[in-house]
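Heads up, the thing below is written out as structure tokens.
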Protein chains: 4
Amino acid sequence: MPPTNGSNAADRPTQILNAAIACFAKRGFHQTSMHDISAEAGISVGLIYRYFANKEAVIAALADRHKREIQALVEQARLAPSLLEAMEVLFTAHCCESSPKVISAFVVDLYAEAARNSDVADFVRDMLDTLLTGVTDLIARSPEAAQMQHGLEPREVAELIFAVARGMLMRDILQPPQMTAAERRTRQLEVTRRLWRLLFENANEPALA
Amino acid sequence: MPPTNGSNAADRPTQILNAAIACFAKRGFHQTSMHDISAEAGISVGLIYRYFANKEAVIAALADRHKREIQALVEQARLAPSLLEAMEVLFTAHCCESSPKVISAFVVDLYAEAARNSDVADFVRDMLDTLLTGVTDLIARSPEAAQMQHGLEPREVAELIFAVARGMLMRDILQPPQMTAAERRTRQLEVTRRLWRLLFENANEPALA
Amino acid sequence: MPPTNGSNAADRPTQILNAAIACFAKRGFHQTSMHDISAEAGISVGLIYRYFANKEAVIAALADRHKREIQALVEQARLAPSLLEAMEVLFTAHCCESSPKVISAFVVDLYAEAARNSDVADFVRDMLDTLLTGVTDLIARSPEAAQMQHGLEPREVAELIFAVARGMLMRDILQPPQMTAAERRTRQLEVTRRLWRLLFENANEPALA
Amino acid sequence: MPPTNGSNAADRPTQILNAAIACFAKRGFHQTSMHDISAEAGISVGLIYRYFANKEAVIAALADRHKREIQALVEQARLAPSLLEAMEVLFTAHCCESSPKVISAFVVDLYAEAARNSDVADFVRDMLDTLLTGVTDLIARSPEAAQMQHGLEPREVAELIFAVARGMLMRDILQPPQMTAAERRTRQLEVTRRLWRLLFENANEPALA
DNA sequence: TATGAATGAGCGTTCATTCAT
DNA sequence: AATGAATGAACGCTCATTCAT
């Protein structure tokens, strides 16, 4: 009686998407064959086509799911008790072991794909806009924002935060594979706090000194 | 008197690499066929194999060249009259129209490749280390560093700068293709100055006010 | 009281064959998938296999039905008040709009299939023999035959008539699709009468002149 | 030193087309795989694609070649010393053993294809028009035409001749495979002469009687 | 040095057929 | 009687790589 098993035959599309993201993370979109996905999922190739029109549709579905996860992440961040904690939620989501989560390699592949395929570019741009808007709002409404002395608009701060996030996500890729998700998470938290201090605190510290 | 003409038949490897990076930027590593490269270079497929063992070797050679260009960029940045100008050199190198320079899509592809191929990962890590060390040194020796009040070590500042740089490089990919290199460069300069103010100036400005 | 309603669920085989011939006429045997047939019939794929062993069996059953229709056509022609009218019945049967009748594309496909499958060839040969014998008999017993001056045996005349019939059936395929069944029928009648004059009248006409 | 060997590597396109028509005649367009063709030609699959864009292009090239053979046949018929001999040339061309000639099964497949693909239909219609025009002209200029008493226009006679030709070509398919080309040719000549008598002589014979 | 014909494994995709329900 | 999920061999086609010239 496997209830929440992500690979359960009862939800083939999810099972296929989980297998697909595992393969894409390991080998990238274009080096992953439909056979790779079917083998990872433990099903036949033909079965994938019962649920997805073609390989592109698998990628699109995965991108859609990623977008929904991202939106959920923003909602979750909104509930955080402080802006710092909200940022920590957003910044460490991709430091995870398991498949149905945001994975660095997948996102970098998505950007690489966006460089040649304008449909993908539109999609990623839209996804990024959702994130930016969410975080801009988060900042604008936070008490810390009032104390910012660097003169940047909330949107500009959000852009800077996401530039760092993307940059760290790429950095993540270079970590030796034996590094655990926990270690990567720790590293990421350090960066977040460093950025935090820069954006929201350093104008105050002289006052305290 | 070596012929430095990039497209000269006398320097086949360079001619091939120029063709390759043009193709890779347009279509990515794995969607670019050896025929694509030979056609772009105006030579036959077989000739590529006289100079490069296989497709991977072409990518590796291109990565090597990229590394040398990056090193040259650091040297160039070192000669800049101020740290801000040095950063502007480093941050706008990828906003260029033509082939033998840093190209966003190529770099993102390189990171994507690093995610699956540990040789590539080692290479990119090494390249990044070169850059980081160069810039750390640049910061440590700059007069501005003495005035920094945010408590970050020069290496940490360098890491932050490159995180933003990588993040902006990914952002660059999403810009509509009709945006010119000049426009993208302007955008990039804005970010650099914003980051600059954050890292080196904002603690001072209240003092001046 | 057997339900003769062609599309009634109570007569699955007929329903399936009707769907099949519609598909075959539209796309040909080998471009028609079992799914196409099941969709056209509004049933599931599996159900076809309850009534027919495989796709070939569907074709064979359709060929059988076609043979029975052809035999009925010969019987009908036999009842015609004159030989000319009998010929007109035989020659215009394939100029029809709807499914369960003689369809040009299906017959040409059947001959094409006969070229590679000797079972099909035997079947078609047998079907043709039935037709030829029937028409030979028709001619031999007609009053017009006595006046023929071209010296051909009734069987030879029948062969010639069917050669023209097959030839016109192929011609029919080339007609633009917007041509209606009625128009094609008119065209076919012209040919029939022309052939008629040639076979049975032209020796007489000078005498009448 | 194979000089005129139709399968010589020196003329790959011809070699491929010869292999293709052999396969198409044996199995039909849609049951013939590219592998079948490459095996028949004794080359690899990939090589076919050096000379033909895809399977359709192979069929199109074959159709084109067929059209040119047909045109040559009409020219050849024009040179025949009498109209009867011209008709014999036209009617017996498809009774041949070897590949690069008109083959009944191929033509019937072409018509079957024309039924679903309007490009093919246009092509076949054009080919038929060439033939009809050529033969109409042949008839109009022949001395026998003057004596025709059946009242048919040369174009109508030509249409009738080709209807019979197509009909006999379909008949040809049903002949047992052990029947030699020579036997089929003999059969075909009989039909031609029978038709000849009908069209051009029977008005005269009473006069001779 | 340079060509491009040739190979064949592997890709994305389809579909006849089976079978648990 | 009826469904449609599931299989997997086979299709059309591509491309990295080799090699005779």
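Every value quoted in this text rests on a predicted model; they were computed, and no experiment measured them. Each chain gets a letter, A, B and so on, in the order its sequence line appears, and its residues count up from 1.
Toward the 5′ end of DNA chain E lies the nearest nucleotide of B/Gly46, the other residue of the pair A/Lys55 and B/Gly46 mapping further downstream. Ranked by how close their nearest DNA chain F nucleotide is to the 5' end, D/Ser33 and B/Ala53 are led by D/Ser33. Position along DNA chain F of the nearest nucleotide to B/Val45 versus A/Leu47 favours A/Leu47 as the more 5'-ward residue. Judged by closest nucleotide on DNA chain E, B/Ser44 is the one of D/Ile43 and B/Ser44 placed further toward the 5' end.
Atom pair C/Arg50:CZ and E/dT17:C1' shows a separation of 14 Å (rounding to whole Å applied). Across the protein-nucleic acid pair, D/His35 atom NE2 and E/dG10 atom C1' stand 15 Å apart, rounded to whole Å. Rounded to whole angstrom, the span from the CZ atom of A/Phe52 across to the P atom of F/dA6 amounts to 13 Å. Between the CG atom of A/Asn54 and the P atom of F/dC13 there is a distance of 17 Å, given to the nearest Å. Atom pair D/Tyr51:OH and E/dG4:P shows a separation of 12 Å (rounding to whole Å applied). Across the protein-nucleic acid pair, C/Tyr49 atom OH and E/dT21 atom C1' stand 19 Å apart, rounded to whole Å. For the pair D/His30 NE2 and E/dT14 P, the interatomic distance rounds to 17 Å; values are reported in whole Å. Protein atom CD of D/Gln31 is 14 Å distant from nucleotide atom C1' of E/dC15, rounded to whole Å.
Applying the side chain to side chain contact (heavy atoms under 4.5 Å, CB included) test between A/Val58 and each of A/Tyr51, A/Tyr49, A/Phe52 identifies A/Phe52 as the sole match.
Around the NE2 atom of A/His30, the shell of radius 6.0 Å holds more than 12 heavy atoms that belong to other residues, nucleotides or ligands.
Counting any heavy atom pair closer than 4.0 Å across all strands shown, C/Thr32 reaches sugar-phosphate atoms only and no base atom.
For E/dC11, the paired nucleotide is F/dG12, the pair qualifying as Watson-Crick or G-U wobble because both relevant distances are below 3.5 Å. Of all nucleotides present, only E/dT3 satisfies the Watson-Crick or G-U wobble test against F/dA20, with each distance under 3.5 Å.
Considering every non-hydrogen atom in both C/Ile16 and C/Leu47, the closest pair reads CD1-O, 4.5 Å. Closest of all the heavy-atom pairs between B/Asp109 and B/Gly28 is OD2-CA, 3.0 Å.
When distances run from any side-chain atom of D/Met34 to the nucleotides F/dA6, F/dA16, F/dG12, the shortest one goes to F/dG12.
No donor-acceptor pair under 3.5 Å is formed between the side chain of D/Ser118 and the backbone N or O of D/Ala121.
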